[in-house]
Amino acid sequence: MYEKIQETASWLKKKMPCLPTTAIVLGTGLGRLAEEITVTMAIEYKDIPNFPVSTVEGHSGRLIVGKLGERDILAMQGRFHFYEGYSMKEVTFPIRVMYELGVRTLFVSNASGGTNPSFSIGDIMIITDHINFFPEHPLRGKNFPTGPRFPDMHEAYDRELIRQADAIAAEKGIKVQHGVYLGTQGPTFETPSEYKMFRVLGADAVGMSTVPEVIVAHHCGIRVFGVSIITDLGVEGKIIEVSHEEVQKAADAVQPLMADIMREMLIRV
Ligand code: HPA
């Protein structure tokens, strides 16, 4: 695996116009931000050696190098989900490649179902911590030399970046929530009883991504900032039928605000 990561990184290095230290995983609801990037290089995942290929509707798969304002960034447009059938090593492969390329700060975004009764659809939740509910751990197996065998996780989401995001949101008058994101395998959305269980376990929101990538990034010593759009509610009395299309629609509606925060974060770090 390590050889593959190196191989992919050196292949990319030869093509990349610069080596950004900041990267972003453009999850659901950040398409608009992608449009603001002045692209200097874009390569489809299918053309990158050893990269898995993204398949889900609404997630195109390209690796982008470009500028947002004055900032050089590396962006993943589309990510790999465990529910698609990829192994945890595949899901987190791009993060390991990013580390090899010199990325030291990572921004992640996603859509999730709110389990906190004070949340509303369309809320932007800054992720303060997570609960790993995936059935397989991304660090299972031989330890990578990027970090310890038993990594500390007391601050997986960088507090300073959270402080900066709060300041930006306040400046712009954008309401943000804070909360714990629980990552689970999907592809089913939760039953009412599962939402209730996740709430009892300490989740404010539940989704099907992000946790594996964040664990691996943290193991590499990459600073992480994560944000989630609440696209539906897993709260007793407010649960209605949910579909991928609804999730996409709810996320799209908040795109401008989400892009506002992320753009400033990316430029300021
Ligand atoms: N559950 C899991 N994943 C999700 C949800 C949800 O309610 N909404 C968006 N992604």
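Any value given below was found using the heavy atoms of this structure, including those in side chains, with hydrogens, waters and symmetry copies removed. Residue numbers start at 1 and run along the sequence shown. For ligands, and for the atoms within them, numbers begin at 1 and follow the listed sequence. A quick note: this is a predicted structure, and the numbers were derived from the prediction, not measured.
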Practice item. Run the numbers for me: atoms of ligand 1, each under 4.0 Å from some heavy atom of Ser112, listed by number. Key: 5 (C), 8 (N), 9 (C), 10 (N)
Point to revise | Contact check, Val242 vs ligand 1, heavy-atom distance below 4.0 Å | key: no
Check your understanding: Which heavy atom of the protein is the closest neighbour of atom 8 (N) of ligand 1, given with residue, atom name and distance?
Key -> Asp232 OD1, 2.7 Å
Check your understanding: Is it the case that Lys14 places NZ or CZ above or below the six-membered ring of Trp11, under 6.0 angstrom from the centre and within 45 degrees of the axis?
Key -> no
Exercise for review: May I ask you to identify the nearest protein heavy atom to atom 5 (C) of ligand 1, giving residue, atom name and distance to one decimal place in Å?
Suggested key: Gly113 N, 3.4 Å
**Study point:** Distance filter under 4.0 Å to Thr231 heavy atoms, resulting ligand 1 atoms
**Key:** 8 (N), 9 (C)
Review point. Do the ring planes of Phe144 and Tyr2 sit parallel (below 30°), tilted (30 to 60°) or perpendicular (above 60°)?
Key: perpendicular
Practice item. Give the numbers and elements of all ligand 1 atoms closer than 4.0 Å to a heavy atom of Tyr195. Key: 1 (N), 6 (C), 7 (O)
Point to revise | Other residues, nucleotides, ligands: >12 heavy atoms within 6.0 Å of Lys196 NZ | key: no
**Study point:** Ala111 near ligand 1 by a heavy-atom separation under 4.0 Å
**Key:** yes
Exercise for review: Describe, in one word, how the ring planes of Tyr45 and Phe51 are oriented to each other, choosing from parallel (under 30°), tilted (30 to 60°) and perpendicular (over 60°).
Suggested key: tilted
**Study point:** Protein contact of atom 2 (C) of ligand 1 - nearest heavy atom, named by residue and atom, plus distance
**Key:** Glu190 OE1, 3.3 Å
Review point. Same cluster or not: are Met1 and Met98 linked, directly or through other Ile, Leu, Val, Met, Phe, Trp or Tyr residues, by side-chain heavy atoms under 4.5 angstrom apart?
Key: yes
Review point. Is any side-chain heavy atom of His130 closer than 4.5 Å to a side-chain heavy atom of Ile215?
Key: yes
Review point. Are more than 12 heavy atoms from other residues, nucleotides or ligands located less than 6.0 Å from atom CD of Glu171?
Key: yes
Check your understanding: Can you tell me the protein heavy atom closest to atom 3 (N) of ligand 1 and the distance?
Key -> Gly207 CA, 3.4 Å
